[in-house]
> 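Right, I'll just put the structure down here and ask away after.
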Amino acid sequence: MTPFRPVDGTLHAEDVALTAIAARFGTPCYVYSRAALEARYRQYADAFAGTPHLVCYAMKANSNLAVLDVFARLGCGFDIVSGGELARVLAAGGDPAKVVFSGVGKTESEMEAALAARILCFNVESAAELAVLNAVAGRLGTTAPVSFRVNPDVDPRTHPYIATGLKESKFGVAFDDAPALYRHAATLPHVAVRGIDCHIGSQITDLPAYAEATARMLELVDGLEADGIRLDHVDLGGGIGIRYRDEVTIDPRDYARVVRGQFRDRPHKLLFEPGRFLVGDAGVLLTRVLYLKPGDGHHFAIVDAAMNDLIRPALYDAWHAVDAVRPRAGAARHWQIVGPICESGDFLARDRELVLAPGDLLAVRGAGAYGFAMSSNYNSRPRACEVMVDGARAHLIRPRETLADLFAHETRLP
Ligand code: LLP
């Protein structure tokens, strides 16, 4: 599946030229491919065909309602981390019975909303949270389905900001504490133990790290079983990486083979929480060159997208491919592709060999995950619009913010 490819010298999203999208909707603009979203979901789900499983899209990666809608129609579940994400799932027609709720800081009102919606499971991350959840469920006269997010203390060998399964991370309960917590949960009147959960990190390209984490989980599952605590599901989290540059990443079929081999004939339903894998390659950030500033050693291409639109390069030093939408002939230079924001960290890409002229359109690849979702209004810049292409049609799925939107919720002093 190559959703973004050149046709007659112009980069297209499916059957629509990105030049046409820029002309119609303006830039900066996020462009997603419906076919690419569907293909990635199928690739993941098909790898586990024949094994009882549920893919719960980690919607923090991209929570636009149209994206959720595409996945909901395919039968996908959702991994949420806030009441806001729950509201989005419901608004997009997602099935709350396929929702798992992760996060270290769930508030009582978020718990109430999730209980009222009858979600599949709370991934509980501390003993303190368990106590509050039990009380909230009791107050509502209901029972909360729970699993503990266990920290397997496995190194996912990824960027430190997105490694989450190490002992020193704030996430999950310690491996050694898990058995006692399960025994305690089994005595509480308003929670029902359903599963176990882990998530070791993000942009993982190392299959053995998964195998290690799964083995640790199974060690616990078997121990709990011996204690008479039977689980319905095991949630192995998300994290499979994508190729931003030259990474050799994990094929879901290989992952499935390893996991199946480890579970053998255990009866548990498998849950997964992929985010980036499902959406990352399905989106580009379309931006226009405003000015060229060639210089002594450093040549700057100033574009109309900035770190407020895509913060990954500034925050993680992440590398995103940048392609000219209509590559031109001429002498290439090594450009620093930067935005208009007043910070030196405001770059989208460094040292890219391109032939550029003012007004040219560029596509920043791999922008479907943690792109728009992490965008902000820094420097009072309206957030970009989002467009979803479906074959020959382009749908505006979120208009560009207006200047009035910027301070619509602010007031002057009386
Ligand atoms: N499940 C849980 C509990 C998570 O915390 C995350 C991501 C996922 C699933 C999905 O992980 P994925 O499959 O997308 O790797 N902003 C960073 C990534 C942060 C990931 C946070 N948690 C980035 O742009 O690279």
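Read the numbers this way: they start at 1 and go in the same order the structure lists the ligands and their atoms.
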> If you measure from each heavy atom of Pro274 to ligand 1, is any distance below 4.0 Å?
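So Pro274 counts as touching ligand 1.
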> Between Asp79 and ligand 1, which residue portion shows a heavy-atom distance shorter than 4.0 Å: side chain, backbone, both, or neither?
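The answer is the side chain of Asp79.
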> Output all residues satisfying side-chain contact (heavy atoms from CB on, under 4.5 Å) with His268, sequence neighbours left out; order by chain, then residue number.
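Only Val221, Glu225, Leu231, Val234, Phe263, Arg266 meet the side-chain contact (heavy atoms from CB on, under 4.5 Å) criterion with His268.
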> Check for me whether Gly237 has a heavy atom closer than 4.0 Å to any atom of ligand 1.
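No heavy atom of Gly237 comes that close to ligand 1.
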> What I want to find out is whether Asp323 reaches Arg365 closely enough, with some N-O distance under 4.0 Å, to be called a salt bridge.
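Salt bridge flag = yes for Arg365 with Asp323.
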> Enumerate the atoms of ligand 1 whose separation from the nearest heavy atom of Glu273 is less than 4.0 angstrom.
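Those of ligand 1 that fall under 4.0 Å from Glu273 are 1 (N), 2 (C), 3 (C), 8 (C), 9 (C), 10 (C), 13 (O).
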> State whether the shortest distance between N or O atoms of Ile240 and N or O atoms of ligand 1 falls below 3.5 angstrom.
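No, there is no polar N/O contact under 3.5 Å.
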> Just jot down the ligand 1 atoms closer than 4.0 angstrom to any heavy atom of Gly239, in number order.
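By the 4.0 Å cutoff, the relevant atoms are 11 (O), 12 (P), 13 (O), 15 (O).
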> Taking N or O atoms only and a 3.5 Å limit, does Arg312 qualify as a polar contact for ligand 1?
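Right, the criterion is met.
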> I'd like to know whether the aromatic ring centres of Phe122 and Phe148 sit less than 6.0 Å apart in this structure.
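Not close enough - the centres of the two rings lie 6.0 Å or further apart.
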> Just verifying a value: how many Å separate Leu356 CG and Leu361 CG, rounded to the nearest 0.5 Å?
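The CG atom of Leu356 sits 11.0 Å away from the CG atom of Leu361.
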> Provide the number and element of each atom of ligand 1 under 4.0 Å from a heavy atom of Gly238.
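Taking each heavy atom of Gly238 in turn, ligand 1 has 13 (O) under 4.0 Å.
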> In terms of atom number and element, which parts of ligand 1 are under 4.0 angstrom from non-hydrogen atoms of Ala58?
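Near Ala58, meaning under 4.0 Å from one of its heavy atoms, ligand 1 has 8 (C), 9 (C), 10 (C).
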> Check the angle between the aromatic planes of Phe71 and Tyr57 and answer parallel, tilted or perpendicular using the 30° and 60° thresholds.
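Taking Tyr57 first and then Phe71, their aromatic rings sit tilted (interplane angle of 30° to 60°).
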> Does the pair Lys60/Glu85 count as a salt bridge with the N-to-O cut at 4.0 Å?
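Looking at Lys60 and Glu85, the cut-off is not met.
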> So which bit of Arg276 gets within less than 4.0 Å of ligand 1, heavy atoms only: side chain, backbone, both or neither?
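Both backbone and side chain.
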> Decide if the gap between the ring center of His12 and the ring center of Phe4 is smaller than 6.0 angstrom.
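Aromatic pair excluded; centres sit 6.0 Å or further apart.
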> Can you check whether Gly201 has an N/O within less than 3.5 Å of an N/O in ligand 1?
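In this structure, Gly201 places no N or O atom under 3.5 Å from an N or O of ligand 1.
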> Which pairs of donor and acceptor atoms, one on a side chain in residues 380-392, lie under 3.5 Å apart (sequence neighbours left out)?
{"from": "Arg381", "atom 1": "NE", "to": "Asn308", "atom 2": "OD1", "distance (Å)": "2.7"}
{"from": "Arg381", "atom 1": "NH2", "to": "Asp304", "atom 2": "O", "distance (Å)": "2.9"}
{"from": "Arg381", "atom 1": "NH2", "to": "Asp309", "atom 2": "OD2", "distance (Å)": "3.0"}
{"from": "Arg383", "atom 1": "NE", "to": "Glu401", "atom 2": "OE2", "distance (Å)": "3.0"}
{"from": "Arg383", "atom 1": "NH2", "to": "Glu401", "atom 2": "OE2", "distance (Å)": "2.9"}
{"from": "Glu386", "atom 1": "OE1", "to": "Asn64", "atom 2": "ND2", "distance (Å)": "2.9"}
{"from": "Glu386", "atom 1": "OE2", "to": "Tyr32", "atom 2": "OH", "distance (Å)": "2.5"}
{"from": "Asp390", "atom 1": "OD2", "to": "Arg34", "atom 2": "NH1", "distance (Å)": "3.0"}

> Check the pair Arg243 / Thr249 against side chain to side chain donor-acceptor pair (under 3.5 Å), numbers first and verdict last.
CA-CA 7 Å; Arg243 174 177 297 199; Thr249 183; over 6 Å; no
> Does any N or O of ligand 1 fall below 3.5 Å from an N or O anywhere on Arg149, backbone included?
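For ligand 1, there is no N or O atom that lies under 3.5 Å from one belonging to Arg149.
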> Any heavy atom of Tyr316 closer to ligand 1 than 4.0 angstrom?
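Within the 4.0 Å threshold, so yes.
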